[in-house]
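The structure under discussion appears below in the form of structure tokens.
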Amino acid sequence: RAMQVSYKQYLACPAEHSNRYLTNFKELSTKVSQVYSGFVTSDRPNVGKLVKEGLRYLLLDATNCQDFLAYGLSHFNSKLSVGDIKTVINQLEDNIPQIAEDE
């Protein structure tokens, strides 16, 4: 949730402050991912849930998702289980036609 709020602040800020807000977002996402840097198997569902919720958030407005994906969710890629990766891929594939239609 904090990452979503930080990203919304970045999107809403005036252009002259966008670098500062993007930096804040990147630092927050890095810190959140570091919580799981030494994760144990029992933490995998939490990482998967975080990424899935992030994707749901992205799919609400796919036109502004590149920075969220690149600077937010990318930190969690190596922490996902194989099953979660497959779920994420399926979720994206299911929504790609919808995104193309919206644009």
Side-chain angles (χ1 to χ4, degrees):
R1 181 88 177 123
M3 288 174 54
Q4 291 175 7
V5 170
S6 179
Y7 191 69
K8 285 179 184 176
Q9 290 172 341
Y10 160 65
L11 292 176
C13 77
E16 64 268 13
H17 300 295
S18 65
N19 285 340
R20 181 179 60 159
Y21 281 90
L22 182 59
T23 299
N24 290 346
F25 172 70
K26 288 192 281 189
E27 289 174 357
L28 176 64
S29 60
T30 300
K31 288 176 184 176
V32 171
S33 77
Q34 286 173 345
V35 168
Y36 298 101
S37 63
F39 77 97
V40 292
T41 306
S42 63
D43 285 335
R44 284 193 179 171
N46 295 330
V47 174
K49 181 179 177 185
L50 193 147
V51 171
K52 290 172 193 169
E53 288 297 317
L55 287 174
R56 260 190 225 111
Y57 171 72
L58 283 177
L59 295 171
L60 292 175
D61 183 9
T63 59
N64 293 314
C65 70
Q66 287 179 324
D67 288 335
F68 190 86
L69 188 58
Y71 301 118
L73 294 183
S74 64
H75 297 287
F76 298 92
N77 292 345
S78 63
K79 298 167 178 69
L80 290 171
S81 69
V82 173
D84 285 332
I85 291 171
K86 289 178 181 179
T87 301
V88 166
I89 290 170
N90 289 336
Q91 185 178 0
L92 288 173
E93 287 176 342
D94 290 346
N95 287 284
I96 287 173
Q98 177 185 347
I99 292 168
E101 287 174 13
D102 291 344
E103 292 177 355

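- No donor-acceptor pair under 3.5 Å is formed between the side chain of S6 and the backbone N or O of A2.
- In this structure, OH on Y10 lies 15.0 Å from CG on L28, to the nearest 0.5 angstrom.
- Judged by distance alone, the side chain of S18 and the main-chain N or O of A15 form a donor-acceptor pair under 3.5 Å.
- Summarising the geometry of E53 relative to Q4, their closest heavy-atom pair is O-NE2, 3.9 Å, with the distance given to 0.1 Å.
- Within the model, atoms NZ of K26 and CG of N19 stand 8.0 Å from one another, a figure rounded to the nearest 0.5 Å.
- Checked against the 6.0 Å centroid threshold, F25 and Y7 count as a close aromatic pair.
- Between R20 atom CZ and Q9 atom CD the span is 10.0 Å, to the nearest 0.5 Å.
- Hydrophobic clustering of Ile, Leu, Val, Met, Phe, Trp and Tyr side chains at less than 4.5 Å, counting indirect connections, unites L11 with M3.
- In this structure, CG on D84 lies 11.0 Å from CD1 on I89, to the nearest 0.5 angstrom.
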